[in-house]
Amino acid sequence: MPVSVPRLNYVWRVALWVLNIAILIAVLATGYLVYIERGWAKPIYRDAPQAFRNGTIGTEVMPLPVALVLPDLFPHHFQPGGQEAGTWVEQFGFLDDPDNPDGLPVGFTTTNYRPQTAAPSPVPFVALTCALCHTTEFSTSDGAEPVRLLGPGSVSINLFAWLDAFQSSLIERMPTAPGEPVEDAPFRLTVPAIMATYEEKTGKSLSLPERIMTGLWLRQIRERLLANIERFDEPYGNGRSRDEDVTPTGPTRTLAFRTLLRNVMHYPANNLPIHSKIATIYNQGWRERAQFDGSVSNVEARSSLAAVAAGATEVNLAHPEIVHNIREAIAYTISLAPPKFQDLFPEAGQPDPGAVQRGRQVYRNSCMSCHGDRSGEGWEPGERTHEVIPLSEIGTDPERVMFRHYGEMPDALHAYFPKEHPFAFARDEVHPQPQDADNLAIRGYVAGPVDGAFLRAPFLHNASILTLAELINLEPRRAQFYRGWNTYDTDRAGFASPSAKDSRRYFLFETSAPGNSNTGHNYPWAIDDPERDPAALSDLLAYLKTL
């Protein structure tokens with residue numbers, strides 16, 4: 001039976017009304033969302049010290065509820081040394097922070113910005129700060145009260161091992177029955193599991209918006225991780241994240257170029273032994289070129305690219321609060337001065353004035369031309385200070401400056417930030433220059449000031465020498481040693497290593513491994529030089545402790 005025209009018109013009018021109401025509801029919901037978003041994230045403009053310690057640099061990692069429950073849900077990832085080896089904070093070399101309101105370690109802060117975009121979020125996200133990598137503790141014996149300092153690179157943090165544990169927990173699946181495909185098993189980490197553990201641990205419940213945002217984040221990051229497995233392989237986890245054969249960086253070292261190659265140039269960058277220790281950042285105003293290879297001469301480029309290597313993007317690095325934090329943190333390091341050796345280690349006694357004076361002359365004869373020397377409260381440069389010393393001359397490990405894409409990377413880094421971006425920089429402020437991209441003869445390591453020399457251990461760019469005594473060839477350099485929570489050796493000005501692995505010094509550092517060489521920098525003499533003068537070297541060590 002045919003439908004009458006009046007009935008059709010009626011149905012059509014009802015449909016239009018329903019559609020209009022739906023559109024109105026969507027508009028109102030969107031408007032309400034925009035309105036409440038304004039209250040989710042309010043910028044905080046910290047002063048320089050607080051920006052360094054507690055300011056996000058665009059490195060939001062995960063929602064706070066997730067950060068609080070992961071170690072409880074996945075102890076096999078976050079306590080790779082077993083429960084007897086301490087908490088996850090201790091096992092990955094982080095530092096406890098009694099002032100952190102969420103119980104997280106030094107260098108962890110919270111924001112209401114979403115990762116990579118800095119869009120507002122109803123659930124707080126955990127972000128990493130400058131203090132994470134540039135705060136450390138020194139102790140002269142196990143059990144002694146440690147001294148905590150801002151400025152040196154952390155000598156205990158094993159950041160890549162922690163990231164391995166984090167990623168492993170996100171993609172771990174429930175056990176399967178024999179014969180069932182593993183890829184069909186559900187994931188262990190779910191929003192209900194997060195909610196239940198978070199409520200049990202804190203006594204707080206997640207609101208509906210917090211649950212929605214946590215679920216959205218979990219889905220997005222898991223999709224990204226699973227897609228990247230074909231390019232980068234799976235993370236290890238399961239108690240192996242700190243093992244030297246699978247995470248060869250170990251404590252106090254990074255693979256910063258690998259991250260930049262992946263995130264900026266979209267190369268796999270697997271198995272590149274381009275290890276670098278976390279740098280000491282004292283008196284940055286005295287340095288004309290940053291990075292161990294002198295590849296950056298713009299101080300803002302140095303810090304913003306370090307943030308990119310830690311997970312920031314050109315999008316969230318344009319956010320006003322993040323821009324402010326990075327610039328204020330830079331200002332904090334411009335004149336940040338190291339403490340004096342005798343103030344930090346009073347039990348070591350006062351230096352012998354005669355030895356210091358004689359050592360100063362040895363230093364000025366053999367070291368000053370490259371590194372300069374202290375001059376009152378300033379630093380007197382030498383004739384080659386700020387110069388990149390070629391590998392053929394210095395003889396240290398070449399991997400950091402000889403990897404395949406080193407010559408083309410500056411162009412990609414320069415193009416990464418749009419011209420109007422707050423951290424855009426000129427092409428001639430990153431090296432090598434285009435005409436030198438394939439010139440291997442000029443690649444090397446920059447000669448910079450060595451203020452606070454005794455706090456720069458382990459030495460060389462790849463952390464392959466534990467003490468100043470070994471660096472200057474007063475003593476033979478060890479072919480292998482163990483890293484972790486090493487105690488400070490005041491006599492040799494560096495770190496002590498046990499004769500065998502233990503729960504605190506768990507990482508075997510083999511100097512024969514690619515990227516780990518401890519050769520080169522044989523100043524004033526090589527260890528086998530017949531003219532080597534141990535007495536003069538002992539005096540030099542006494543002087544280096546005063547810088």
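Residue numbers count from 1 along this sequence.
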For Leu391 versus Asp397, what's the shortest heavy-atom pair and its separation?
CD2-O, 4.1 Å
NZ/NE/NH1/NH2 to OD/OE distance under 4.0 Å, Asp96 and Arg148:
no
Flag the pair Asp451 and Arg456 as a salt bridge only when some basic side-chain nitrogen lies within less than 4.0 angstrom of an acidic carboxylate oxygen.
yes
Judged by atom type as modelled, is there a donor-acceptor pair below 3.5 Å linking the side chain of Ser156 to the main-chain atoms of Gly93?
yes
Test side-chain contact (heavy atoms from CB on, under 4.5 Å) applied to Leu540 and Leu474, Val362, Asp533, Asn365, the passing residue:
Val362
Shortest non-hydrogen contact between Phe495 and Ala457, atoms and distance:
CE1-O, 3.4 Å
Between Arg364 and Glu380 (salt bridge meaning N to carboxylate O under 4.0 Å), is one present in this structure?
yes
Whether the side chain of Ser464 engages the backbone of Ser517 through a donor-acceptor N/O pair (distance < 3.5 Å, no angle test) should be reported.
yes
Classify the ring geometry between His521 and His371 as parallel (under 30°), tilted (30 to 60°) or perpendicular (over 60°).
tilted
Between Pro105 and Asn100, is there a side-chain heavy-atom distance shorter than 4.5 Å?
no
Is any side-chain heavy atom of Thr490 less than 4.5 Å from a side-chain heavy atom of Thr140?
yes
Where do Glu393 and Arg384 land on the salt bridge (Lys or Arg N to Asp or Glu O under 4.0 Å) test, with the steps shown first?
CA-CA 13 Å; Glu393 180 178 345; Arg384 302 185 72 182; 2.6 Å; yes
Is Thr136 reaching over with its side chain to a backbone N or O of Val155, donor-acceptor style, under 3.5 angstrom?
yes
Do Tyr445 and Phe292 make the cut of ring centroids closer than 6.0 angstrom?
no
Salt bridge present between Arg443 and Asp293 (N-O < 4.0 angstrom):
no
Answer whether the closest heavy-atom distance between the side chains of Asn486 and Phe481 falls below 4.5 Å.
no
Could you tell me whether a side-chain N or O of Gln433 sits under 3.5 Å from a main-chain N or O of Asp428, the two making a donor and an acceptor?
yes
Under 3.5 Å, is there a donor-acceptor pair between the side chain of Ser304 and the main chain of Glu300?
yes
Which of parallel (below 30°), tilted (30 to 60°) and perpendicular (above 60°) describes Phe509 and Phe507?
perpendicular
Thr247 side chain to Ser241 backbone, donor-acceptor under 3.5 Å
yes
Between Tyr406 and Asp438, is the side-chain hydrogen bond (donor to acceptor under 3.5 Å, both in side chains) condition met? List the steps.
CA-CA 9 Å; Tyr406 186 83; Asp438 299 320; over 6 Å; no
Check Gln91 against Tyr506 and note the closest heavy-atom contact, atom names and distance.
O-OH, 4.1 Å
Both conditions, 6.0 Å and 45 degrees, for the charged tip of Arg400 above the ring of Phe257: are they met here?
no
Do the side chains of Leu547 and Asp373 get nearer than 4.5 Å, heavy atoms only?
yes
Are Val446 and Ile389 close enough that some pair of their side-chain heavy atoms sits under 4.5 Å apart?
no
Test of understanding: with salt bridge (charged side-chain N to carboxylate O under 4.0 Å, His left out), list the residues that count as partners of Glu60, not counting sequence neighbours.
none
Expected output: side-chain Ser366 to main-chain Pro524 donor-acceptor under 3.5 Å
no
For Glu230, does the CD atom have more than 12 heavy-atom neighbours from other residues, nucleotides or ligands under 6.0 Å away?
no
Could you tell me which non-hydrogen atom of Gly151 sits nearest to which non-hydrogen atom of Tyr282, and how far apart they are?
CA-CE2, 3.9 Å
In terms of heavy-atom contacts, does CG of Asn271 have more than 12 from other residues, nucleotides or ligands at under 6.0 Å?
no
Phe166 and Phe78 aromatic centres sub-6.0 Å
no
So, do Leu460 and Leu471 sit near enough that their side-chain heavy atoms are less than 4.5 Å apart?
yes
Lys/Arg-Asp/Glu bridge criterion (N-O < 4.0 Å) met for Arg483, Glu244:
no
Could you tell me whether Arg240 and Asp245 make a salt bridge, using a distance below 4.0 angstrom between a side-chain N and a carboxylate O?
yes
Judged by modelled atom types alone, do Tyr363 and Asp539 share a side-chain donor-acceptor pair under 3.5 Å?
no
Ignoring hydrogens and angles, tell me if any N or O in the side chain of Arg53 forms a donor-acceptor pair with the backbone of Gly107 under 3.5 Å.
no
Name the residue from Phe341, Tyr488, Phe454, Trp485 that meets the ring-ring contact (aromatic ring centres under 6.0 Å, His included) definition with Phe138.
Tyr488
Please find the pair of heavy atoms, one from Val450 and one from Arg287, that lie closest to each other, and give the distance.
N-NH2, 4.4 Å
Apply side-chain contact (heavy atoms from CB on, under 4.5 Å) to residues Asn270 and Asp233 and explain how you reach the verdict.
CA-CA 9 Å; Asn270 291 342; Asp233 209 348; 5.7 Å; no
Is it true that Ser169 and Glu172 share a donor-acceptor pair across their side chains at a distance under 3.5 Å?
no
Could you tell me whether Arg404 atom CZ has more than 12 heavy atoms of other residues or ligands within 6.0 Å of it?
no
Ignoring hydrogens and angles, state whether a donor on the side chain of Glu408 or Tyr267 is under 3.5 Å from an acceptor on the partner side chain.
yes
Could you give the distance from CZ (Phe52) to CG (Asn325), rounded to the nearest 0.5 Å?
12.0 Å
Steps toward side-chain contact (heavy atoms from CB on, under 4.5 Å) verdict (Glu347, Phe345)
CA-CA 5 Å; Glu347 69 277 9; Phe345 304 115; 4.0 Å; yes
So, the side chain of Ser538 versus the backbone of Ala535: is there a donor-acceptor pair under 3.5 Å, distance only?
no
Report the C-alpha distance between Leu544 and Ile472 in whole Å, list the side-chain angles of each, state the deciding distance to 0.1 Å, and finish with yes or no for side-chain contact (heavy atoms from CB on, under 4.5 Å).
CA-CA 10 Å; Leu544 288 171; Ile472 63 175; 3.9 Å; yes
For the residue pair Gln480 and Ser497, establish whether any side-chain heavy-atom pair is separated by less than 4.5 Å.
no
Show, in sequence, the C-alpha distance, side-chain angles and deciding distance for Asp411 and Arg427, and conclude whether the salt bridge (Lys or Arg N to Asp or Glu O under 4.0 Å) test is met.
CA-CA 7 Å; Asp411 284 334; Arg427 175 60 183 85; 2.7 Å; yes
Pair His414 + Tyr416: ring centers closer than 6.0 Å
no
Salt bridge check: are Glu475 and Arg492 linked by an N-O gap of less than 4.0 Å?
yes
Do Asp243 side-chain atoms and Val246 backbone N/O form a donor-acceptor pair below 3.5 Å?
no
Considering non-hydrogen atoms only, spot the tightest contact between Gly515 and Arg253 and give its length.
O-NH1, 4.0 Å
Flag side-chain contact, heavy atom, 4.5 Å: Asp142 against Arg505:
yes
Donor on one side chain, acceptor on other, Asn516 and His275, under 3.5 Å
yes
Decide side-chain contact (heavy atoms from CB on, under 4.5 Å) for Leu170 and Ile221; before the verdict, give the C-alpha distance in whole Å, the side-chain angles of both, and the deciding distance to 0.1 Å.
CA-CA 8 Å; Leu170 295 183; Ile221 192 170; 3.9 Å; yes
Taking the six-membered ring of Phe232, is NZ or CZ of Arg262 closer than 6.0 Å to its centre and within 45° of its axis?
yes
